[in-house]
Structure formats: C-alpha cells, structure tokens
Amino acid sequence: MSTTKPDMSNYGAENIQVLEGLEAVRKRPAMYIGDIGPRGLHHLVYEVVDNSIDEALAGHCSHIFVTINEDNSITVKDNGRGIPVDLHIKENRSALEVVMTVLHAGGKFDKDSYKVSGGLHGVGVSCVNALSTKLLATVHREGKVYQQEYCIGKPVTGVEEIGTTTERGTIVTFWPDGSIFTTLEYKYDTLAARLRELSFLNKGITLKITDLRNINDAGEAHSEEFYSEGGLAEFVKYLDGTRETLIPFPISVEGEKGGVPVEVAFQYNNGYAENLHSYVNNINTIEGGTHVAGFRRALTRTLKAYADKSGLLKNVKIEIAGDDFREGLTGVISVKVQEPQFEGQTKTKLGNNDVMGAVDVCVGEMLNNYLEENPNLAKIIVSKVILAAQARYAAKKAREMVQRKGAMSGGGLPGKLSDCSEKDPALCELYLVEGDSAGGTAKQGRERKFQAIMPLRGKILNVEKALEHKIYDNEEIKNMFHAIGVTIGTTEDAKELNLDKLRYHKIIIMTDADVDGSHIRTLILTLFFRYMRRLIEAGYLYIATPPLYQLKKGKEIAYCWTEEERAAHILRMGGDRPDSVGVQRYKGLGEMNAEQLWETTMDPARRTLKQVVLESAAEADHVFSMLMGDEVPPRREFIEANAKYARIDV
C-alpha cells in the first residue's frame, strides 16, 4: 500500500459535478438511448413516435406520419390532441417547453392521461431534443398553431402563436447532433420495419413513412403505409408468409384479466423452430418473461389435457415434453402493463408475476374452446406435437453425440481449429473463414496470442430447411459448436444455448467479397439466429470487412472499401492520368497475402468490424424464413424489389 498522502488542496466542492436537466443526456447519451451508433440514432425516432402511439392508445389519434427529409432530419406528425401549450403552474412556463426540456415530464406519467404508455426508457421527446442541434415543435390545438424552436435542448424562442387551423395534432422535426452520433444517415428499412410492427401491435392506427431522399422518375417520394385491422393475427400471418402453415387461420385471443389487457395470436407451420415474439407496451421483450411463461404454461397444459382426453397419445411410446408443443409454432404475445418491471441482461425481460396468471387464464380458456370446436384441426396440431417429440428424441441423441465428442477425441477441439494462446474469453477472437486457402493465409497473418482461425469447407447446411437432428449431425456445424465452446441445454431450458464454457467473446465471420461469400455469410448468420441467438444478443458476433480494391502507383498503396473511396483515391493518386493507377479488385480473401490480410482485415487498430445486432427479432425471423426457406415466390418478389441495389461483378 502506498504511504504517500494524496494532495487534497485542489479537491473541493467545486470538483463535484452536478448534471442538471438535459446535460446528463448529452454527457452519457448511451444510458438513455442505448448507444450512439445507428441503433441510438433510430431510437430518437421511436421516442417521438411513442408519444403519438400513447395518444392513439388513449383513443385520441388515428394517423401518424414519419418523414425522412432530404438532409436526414426527421419529421413526426400526428393528429392527436396536441401537446398543451398553456402555463405549467409548478414550472412557471409553457407545458410544451416542459415536455420538451425536462426529463420524465409528460402525460404518460399521469395515470389519468394515459392508462399505459410505450417507450423503452420513458425519457420521452426531451431526450431527443437534448441530442439534436435543432428541434422544431409545432402544435395544432384549439384552432391555433403554436411553435417553439430549440437548440441542443434549450429554447431559442418562446412558444409563439403563428396562425389558425382547423386541424389538431403535434409536428416534431429534429436534426440529430453530429458531435454525438457516429452516423447521421437514417435507414429507411429499419424505420419501416418498426412502423409495420407498431401497426400490428396497435390495430386500427395508420402509420405512414415517406423518404424524401428517394424520388422516383415521376417525382414521387418513396413511401409505405401500414394499417392493420386484424392486429396480432395479421402479424402472425405476415411472419409465416414464407412458410407452409398447418391450420388455415391463426388462433387468437383478446381479453383482460386482473386489469391486464392481453392479446395473443399463434399458429403452427411445417417448420421445426419455435418463433415466439413478445411485447409489453409495444416494447419487444427479447428475453421473454412472465407473459411468455404464462403462455407456454397454458399451451402445454391445455393441449396435453385435450390430447389425453381424446386418446390421441395412447400409442405414443415417447414421453411428450413442453418443448414439443411449441415446435413449428409462430406466435405473438402483447400485454399492456401499467407499471412494468424489467429485468435480465438487457432489461427486456418482464418480471411482473401477476401478468403470468392473466396470460395463462386468457390463453387456456380460449384454446380449450378452440380445440373442442375444431376437432379436425386439433388432431393436426397434436400430430405435429407427436412428430416433434420423435424428432426431439433423435435430436437429443445427436446433441449427446456432439457433446460427448470431447471425451472421444481428446479435448474436443476440432483438428482444423488453429487456437490462440490466450485463455481469457473476453480477450479472444475466433475467425470463421471461408475456405482452406484463405484459412491458411489468415493463420499466417493473425496475432497468435488472441486470434484463433477456423476454416470452413464450402457452404454449410441451410438450417432453415433441415430437421434438428440433421443439424447436429453436420460435421461443419459440430466443429463450430466445439470450437466456440457452447452446448445445448441449461438448468432452466433444455433447448437454451449454454454459454458457461464460451471460449471467445468475438466470433468473426470472414468470407469473400463475392456472391458465394455473401451466401456463405447468410448461411452462417441463419445458423446463429436460429440456434445460437444468445451469442448475437450478448454482442459476440461480428462480420469482417475485407477491402474491395487495392490501388497502386509506384510505391504508394491504398485500400478501398467502397466505389466512392476508389474514385477519390484514383483522383488523388492519378490526377489527370487515372490510367496510371493500378487497380486490383479483390474477389477472394486468398488474393491477399498474410501481411495484407492483417493490415486491412485483422489488425484491431486498423480493421473495421460490423457487429451483428438484433433490432427486431420478428423482422429478422421474417427475413430469414423468406431468404432461406422453402417458399420461392416471396424470395422472387424480394429479389425483384431489391435488384437495383445489387452489386454485380462482370
């Protein structure tokens, strides 16, 4: 222990920093919106839209419009009551200014204004204001139009009356702060997916998105409108649109038990995975919680009781487990809870115990009636359950073989794995590399202390179409499980991924920059999404970004990752003589030597890695089943709609 006395002379009350108002948001933005990358940028839009959704849930709003403006600013407009502009007695300023500048201020905290409200953090539009260089709030209320402008959360003007109107509602336009966010470019598809999801979760509300950056030949901006009359039943049909279903229409229930509104819809398909998506107050509860537990309990109990009573299980030699009732099930659970308690690693697991009973009772009553009234469909469902039990038994034996392999092969690590010497998983990286040739180059170029290399032979099995026991029988997939150090089964869930012996906290997919490489990457991502999703949720999965071009003039060498970079470097290096610059297009990792691969793709100081994040499990589920499933027409439609974005090497 040091015996030197610390210098206390410069440490006084003035050193204690108190962050007032919205300064805290600017100081630690990730605490309020998740991060300062693309996810946080898009979360700003969700916070503003959530205010409009709250108005809709209270019965005062039917239309919400989101516009991505040409300069990447965002406008959100609704036809709700309009934020009040009169004097707030306690704050002695306009209620509009209070809502826009005070954290946790707004009608959602007053149970008389809103019974329930959405929004992950509940910080509201004031957080958006704090993280924007400019925000313009326009209110149409009681026949008048009011406006106030803000700059990084502070009012620039007072609340001004600027005209009269016959409309009502609130319009918020904001410009995100480039000194806070790492990117300012909004992704249309990301916002459209969230608005589509909200339209299903809040039936009867029209949500429209318009992108003024994308104008067609007729001079019209690209836009989509989302409206759902059927709610969750339509959501399930959308999610299963690329799968063959076993029953003609989703089974759905809507009710309220113990003051908890419950809405559930589900159906069975000919697939092998359970795709269950749950929401609380429009928040996607990725880790599930008591509402999911209540649904599973009711499903298992009711189906088992019906199957036993009807004699459908009398010739079955295998014991039916709870998991068997959920194989091939696609479902959505949505509950509205006044004061949700969130827990779990990402605070997206519902902990309210009373919700379990509410969902259990609602689903149990409805499902029992459905089975009694539809005996033919009930028989199809139970037959699916029996097949699932038989497949589970086969898969269990295959998993046991996978997990026993360690004892049989001396340590269990695949022979193709070139491991690193570091033993702390938090410091270790595993590269999954396309092909033995590139794998050999990566082994030569890596930093052996913390980088492991595992070459993959060609295209792995498409797990979207395969039976579970076939997946665990596949040699390449078995090797991946062993190398990563994960197994199937935890004390809580026999099918959950077990990370107790995880060997790497960075698993990096490195494939060629061509069509085959993209396909292999998609196959690997499908495997991780369907069978190792916990690794994605924990933030352990990444994609390497090798360069597309090497430019060379004399002794000068430059690497380019985009066409824009290539054009800029040719202009800089070649000047008036662009032909003097040698251009090499990298189509395969094997075209680079070990030193080049290290410099561009593997050196932590210089490389760029893309972290794989799960923005919307429901949308990801839909996309994977569409791209990798059996149904061809949806895939053809996707290709036709997106062909103009394809980069084709000729």
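Just so it is clear, the values below take in all heavy atoms, side chains as well, and ignore hydrogens, waters and symmetry mates. Just so it is clear, the structure is predicted and the values come from calculations on it, not from any experiment. The first residue in the sequence is number 1, and the count goes up from there.
Here the CD1-CD1 distance, from I381 to I247, works out to 4.5 Å after rounding to the nearest 0.5 Å. Distance check, rounded to the nearest 0.5 Å: OG1 of T522 to CZ of F624 gives 7.5 Å. Here Q611 contributes atom CD and K506 contributes atom NZ; the two are 8.5 Å apart, rounded to the nearest 0.5 Å. Atoms CG and SG, from L367 and C362 in turn, are 12.5 Å apart once rounded to the nearest 0.5 Å. From L371, atom CG reaches atom NZ of K379 across 14.5 Å, with rounding to the nearest 0.5 Å. In this structure, CG in L535 is found 5.5 Å from CG in L499, a value given to the nearest 0.5 Å.
The shortest heavy-atom contact between S228 and S199 is CB-O, 3.5 Å. S223 approaches T210 most closely through the heavy-atom pair CB-OG1, 3.6 Å. Nearest heavy atom pair, residue R297 against residue G357, reads NH2-CA, 4.4 Å. V335 and V262 get closest at one heavy-atom pair: CG1-CG2, 4.2 Å. Considering all non-hydrogen atoms of both residues, L41 and Y186 come closest at O-OH, 2.9 Å. Pairing each heavy atom of L232 with each of E263, the nearest pair is CD1-O, 3.2 Å.
The neighbour count for K309 NZ, taken as heavy atoms of other residues, nucleotides or ligands under 6.0 Å away, does not exceed 12. Atom NZ of K384 has more than 12 neighbouring heavy atoms from other residues, nucleotides or ligands inside a 6.0 Å radius.
Residues L239 and H277 are in side-chain contact: their nearest non-hydrogen atoms beyond the backbone lie under 4.5 Å apart. Side-chain contact between L299 and L329: present, with at least one pair of heavy atoms (C-beta onward) separated by less than 4.5 Å. Residues P375 and Y306 meet the side-chain proximity criterion, which asks for heavy atoms closer than 4.5 Å. Using a 4.5 Å heavy-atom threshold, the side chains of V382 and I386 count as touching. Looking only at side-chain heavy atoms (C-beta outward), I477 and V463 come within less than 4.5 Å of each other. When side chains are defined from C-beta on, I68 counts as touching I74, because their heavy atoms get closer than 4.5 Å. Side chains of F295 and L276 form a contact here, defined as non-hydrogen atoms less than 4.5 Å apart. A 4.5 Å side-chain heavy-atom check between L527 and M480 finds at least one atom pair inside the cut-off.
Each of L195, I53, I209, L198 was checked for a side-chain contact (heavy atoms from CB on, under 4.5 Å) with I64, and the lone residue meeting it is I53.
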Q | Verdict with supporting geometry, E619 and R196, salt bridge (charged side-chain N to carboxylate O under 4.0 Å, His left out) | A | CA-CA 9 Å; E619 190 65 20; R196 180 187 295 109; 3.5 Å; yes
**Q.** Verdict with supporting geometry, V355 and L350, side chain to side chain contact (heavy atoms under 4.5 Å, CB included)
**A.** CA-CA 9 Å; V355 176; L350 184 67; 3.9 Å; yes
Q: Could you walk me through whether L461 and E476 pass side chain to side chain contact (heavy atoms under 4.5 Å, CB included), step by step?
A: CA-CA 8 Å; L461 181 71; E476 291 291 309; over 6 Å; no
Q | Full working for side chain to side chain contact (heavy atoms under 4.5 Å, CB included) between I471 and R530 | A | CA-CA 11 Å; I471 294 163; R530 292 298 183 203; over 6 Å; no
Q.
Between F481 and M532, is the side chain to side chain contact (heavy atoms under 4.5 Å, CB included) condition met? List the steps.
A. CA-CA 9 Å; F481 270 86; M532 292 190 266; 4.1 Å; yes
Q: Could you walk me through whether K257 and E365 pass salt bridge (charged side-chain N to carboxylate O under 4.0 Å, His left out), step by step?
A: CA-CA 12 Å; K257 296 288 180 184; E365 289 176 357; 3.7 Å; yes
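The pair D323-R326 meets the salt-bridge criterion, since a charged nitrogen lies less than 4.0 angstrom from a carboxylate oxygen.
Judged purely by atom type and a 3.5 angstrom limit, N368 has no side-chain atom pairing as donor or acceptor with the backbone of T302. Between the D78 side chain and the G169 main chain, no donor and acceptor come within less than 3.5 Å of each other. Of the possible donor and acceptor atoms, one in the side chain of T285 sits under 3.5 Å from a partner among the backbone N and O of S278. Judged purely by atom type and a 3.5 angstrom limit, D360 has no side-chain atom pairing as donor or acceptor with the backbone of M356. The main-chain N or O of H622 is found under 3.5 Å from a side-chain atom of S625 such that the two form a donor-acceptor pair. N79 places a side-chain N or O within donor-acceptor distance of the main-chain N or O of H63, the cut-off being under 3.5 Å. Listed for the H43 side chain is no donor-acceptor partner under 3.5 Å among the backbone atoms of R39. Of the possible polar contacts, none joining the Y504 side chain to the Y540 backbone as a donor-acceptor pair under 3.5 Å is found. Under a 3.5 Å cut-off, the side chain of R503 and the backbone N or O of I484 do not form any donor-acceptor pair. Here the side chain of N352 pairs a donor or acceptor atom with the backbone of E339 at under 3.5 angstrom.
A donor and an acceptor atom, one from each side chain of N202 and N282, are located under 3.5 Å apart. Counting only N and O atoms by type, the side chains of K459 and H519 include a donor and acceptor under 3.5 Å apart. One side chain, T330 or N269, offers a donor N or O that lies under 3.5 Å from an acceptor on the other. Side-chain contact of Q267 with T245: a donor-acceptor pair under 3.5 Å is absent, judged by distance alone.
In this pair, F235 and F200 present their aromatic rings parallel. The plane angle is below 30°, not in the 30 to 60° band. Between H42 and Y46, the two ring planes are tilted [angle within 30° to 60°].
L614 is linked by a side-chain contact (heavy atoms from CB on, under 4.5 Å) to F529, R533, I536, E537, A617, A620, counting only residues two or more places apart in sequence or in another chain. Taking D354 as the reference, nothing meets the salt bridge (charged side-chain N to carboxylate O under 4.0 Å, His left out) condition, with sequence neighbours excluded.
Sequence neighbours left out, the pairs with a member in residues 236-254 that pass salt bridge (Lys or Arg N to Asp or Glu O under 4.0 Å) are K203-E254, D240-R243, R243-D621.
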